[in-house]
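First the proteins, then the strands, lettered A, B, ... as listed; each starts at 1. Values reported hereafter were calculated over all heavy atoms of this structure, with side chains retained and with hydrogens, waters and symmetry mates removed.
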2 protein chains.
Amino acid sequence: MTTRRPGRRPGSADTRGEILTAARRVFAEKGFDKATVRGIAREAKVDPALVHHYFDTKEGMFAAAMKLPITPHEIIPMLMEGPREEIGERLVRTILRVTAAPETREPMLALLRSAMTNDQALVMFREFITNALLYQVADRLGVPHLRVEAAFAQMFGMIMGRYVIKLEPLASADPEELVELLGPTIQRYFTG
Amino acid sequence: MTTRRPGRRPGSADTRGEILTAARRVFAEKGFDKATVRGIAREAKVDPALVHHYFDTKEGMFAAAMKLPITPHEIIPMLMEGPREEIGERLVRTILRVTAAPETREPMLALLRSAMTNDQALVMFREFITNALLYQVADRLGVPHLRVEAAFAQMFGMIMGRYVIKLEPLASADPEELVELLGPTIQRYFTG
C-alpha cells in the first residue's frame with residue numbers, strides 16, 4: 001500500500017529528519033548558545049559535514065528544527081535593504097506576512113507557549129531571540145539593544161493579541177491598517 | 001499554639017475568602033461576561049448584598065479573585081486625570097510601578113500563563129481585558145478600539161520581555177528609561 005515517487009532517495013530524507021530530531025533534543029537540553037553543529041552531528045550519528053550540507057548555520061538549523069517561518073538570515077537583509085526611513089513599515093509588513101497562514105504561524109506559537117511554561121524551553125528561546133536575532137539586528141543597524149527589544153515587545157504583543165488572545169478588532173484588522181498603525185512605532189525605535 | 005488578634009472577626013475573613021473562591025470557580029467556568037454577582041453569591045452560599053458589601057463591582061471582584069495589582073476602576077481615572085499630552089508617560093510609569101514587585105506581578109503573570117495554555121482561561125482573560133478594560137478606556141477617552149489594543153500590545157510585550165522572557169537589557173532597564181522610550185508610542189496611539 002506504500003507509494004514511492006520515482007527518483008526519491010528515502011535515505012537522504014531520513015537523514016535530514018534525523019538531524020532535525022537530534023537538533024531539537026540538543027537545543028532543548030543545552031539551550032541555543034551551548035548547542036554546536038558538531039554536538040548535533042554526534043547526537044544524530046552523522047558526519048558534521050553532512051549537517052553543514054543540509055543547514056548553513058546553527059541559526060538555520062534551529063529555525064528548521066522549530067519549523068520557524070523565517071530565519072534571522074532572512075530578516076536581517078530584508079531590514080537592511082530598501083530605504084532606511086521605511087524600515088518600520090517593512091518589518092511590520094514582513095512579520096504580518098509570515099504569520100498570516102496558520103501552518104507557518106503555529107510552530108512559532110508552539111515555541112512561545114512552551115517557553116511560557118517550561119524553564120528549559122525559555123532559556124533556549126531567550127538565547128535564540130537575543131543572540132541570533134535581536135542583537136544581530138541591533139548591531140548591524142547600529143541601534144541600541146534596548147530599542148530593538150522595545151520593537152520586539154511591540155511585535156510580540158501584536159502577534160499574541162492578534163493570534164493567541166484574539167482581541168477584536170486587532171484579530172481581524174487588515175494588515176495594511178496595522179502597518180500604518182505600528183510602522184511608525186518601529187521606525188522611531190530604529191531611527192528616532 | 002494559634003494566636004488571635006483581639007477584635008478580629010474570623011467569620012468575616014472566611015466569608016470574603018469563600019466569596020473569592022466561589023468567584024474563581026464561576027469566572028473559570030462561565031468566563032467574565034456571563035458570570036454574575038448573583039451567581040457567585042449562590043455558589044458561595046451567601047446573600048448577594050454581602051458580595052456587594054465586599055466588592056463594589058464584578059470587575060473589582062475579578063481583580064481580587066485573580067489578585068491583580070490594579071483594577072480597571074483605578075486605571076481609568078489615572079489615565080483621565082492630568083494633562084492629556086502626558087497620558088502615554090503616565091500609563092507606562094503606572095504599569096511599571098504596579099509590576100515592579102514580584103508579589104503583585106506574579107498573580108498577573110499566572111493569569112497570563114494559564115490563558116496561554118488553557119482555552120477556558122483564555123476566554124475569561126479575553127473577555128475581562130476587552131470588556132472591562134480596553135473598550136472602557138477607549139470609549140472614555142474617545143480613542144478607536146484598535147489603537148488602544150496597539151497600546152496594550154506594546155505594554156504586554158514589554159511585561160513579557162522584561163519579566164517572563166527576561167531579555168537583557170530590557171529586564172534590568174531603569175523604569176524612567178522605559179518611560180522615555182515607550183511613553184511616546186502610547187501617546188501616539190491615544191492622541192496621534
Side-chain angles (χ1 to χ4, degrees), chain A residues 88 92 109-110 112-119 121-131 133-135 138 144-162 164-174 177-178 180-189 192, chain B residues 88 92 109-110 112-119 121-131 133-135 138 144-162 164-174 177-178 180-189 192:
Chain A
V92 178
L109 294 180
L112 286 179
R113 274 199 196 87
S114 72
M116 296 304 106
T117 49
N118 174 306
D119 277 345
L122 179 64
V123 170
M124 179 183 78
F125 179 69
R126 176 171 57 226
E127 289 177 351
F128 173 73
I129 279 290
T130 49
N131 294 334
L133 185 60
L134 301 179
Y135 297 171
H145 290 186
L146 185 62
R147 291 188 149 251
V148 171
E149 291 179 357
F152 170 79
Q154 174 69 83
M155 297 311 295
F156 178 85
M158 189 272 285
I159 296 293
M160 296 300 278
R162 185 168 165 91
V164 179
I165 312 176
K166 296 189 179 75
L167 298 174
E168 288 297 352
L170 178 60
S172 10
D174 183 84
E177 196 178 358
L178 294 174
E180 211 173 294
L181 194 57
L182 305 181
T185 298
I186 306 302
Q187 187 69 39
R188 181 178 148 265
Y189 292 145
Chain B
V92 178
L109 294 181
L112 286 179
R113 274 200 195 88
S114 73
M116 296 304 107
T117 49
N118 173 308
D119 277 346
L122 179 65
V123 169
M124 180 183 77
F125 179 71
R126 176 172 56 226
E127 289 176 352
F128 173 73
I129 279 290
T130 50
N131 294 334
L133 184 61
L134 301 179
Y135 296 171
H145 290 186
L146 185 62
R147 291 187 150 253
V148 172
E149 291 178 358
F152 168 80
Q154 174 69 82
M155 298 311 295
F156 178 86
M158 189 272 285
I159 296 292
M160 296 300 278
R162 186 169 165 90
V164 179
I165 312 176
K166 297 189 179 74
L167 298 174
E168 289 296 353
L170 178 60
S172 8
D174 182 84
E177 195 177 359
L178 294 175
E180 211 174 291
L181 194 56
L182 306 181
T185 297
I186 307 300
Q187 188 68 37
R188 180 177 149 264
Y189 292 144

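- Among the candidates A:Ile159, A:Thr117, A:Ile165, the residue making the largest number of heavy-atom pairs closer than 4.5 Å to chain B is A:Ile165.
- Of the residues listed (B:Met158, B:Gln154, B:Met155), the one engaging A:Gln154 in a side-chain contact (heavy atoms from CB on, under 4.5 Å) is B:Gln154, and it is the only one.
- With chain B as partner, the option from A:Pro144, A:Pro169, A:Ala151 having the largest number of non-hydrogen pairs under 4.5 angstrom is A:Pro169.
- Residue contact with chain A, scored on non-hydrogen atoms closer than 4.5 Å, is absent for B:Leu112.
- The side-chain heavy atoms of A:Glu168 and B:Tyr135, taken from C-beta on, include a pair separated by under 4.5 Å.
- Heavy atoms closer than 4.5 Å to chain A are found in both the backbone and the side chain of B:Ala150.
- Atom CG of B:Asp119 is surrounded by 12 or fewer heavy atoms from other residues, nucleotides or ligands within 6.0 Å.
- Here the OG1 atom belonging to B:Thr130 is positioned 12.0 Å from the CG atom belonging to A:Leu170, to the nearest 0.5 angstrom.
- With a 4.5 Å cut-off on non-hydrogen atoms, B:Leu182 touches chain A through its backbone and its side chain both.
- Using a 4.5 Å cut-off between heavy atoms, B:Leu134 contacts chain A through its side chain alone, with no backbone atom that close.
- Rounded to the nearest 0.5 Å, atoms CG (B:Leu167) and CZ (A:Phe156) are 9.0 Å apart.
- Under a 3.5 Å cut-off, the side chain of A:Arg113 and the backbone N or O of B:Met116 do form a donor-acceptor pair.
- With a 4.5 angstrom heavy-atom cutoff, B:Ile129 touches chain A only via side-chain atoms.
- Put simply, of B:Ala173, B:Gly157, B:Gly161, B:Gly192, the one with the most heavy-atom pairs under 4.5 Å next to chain A is B:Gly157.
- Take B:Arg188 and apply the side-chain contact (heavy atoms from CB on, under 4.5 Å) test, not counting sequence neighbours, and it matches A:Pro184, A:Thr185.
- Proximity to chain A is limited to the side chain of B:Glu177, based on heavy atoms less than 4.5 angstrom apart.
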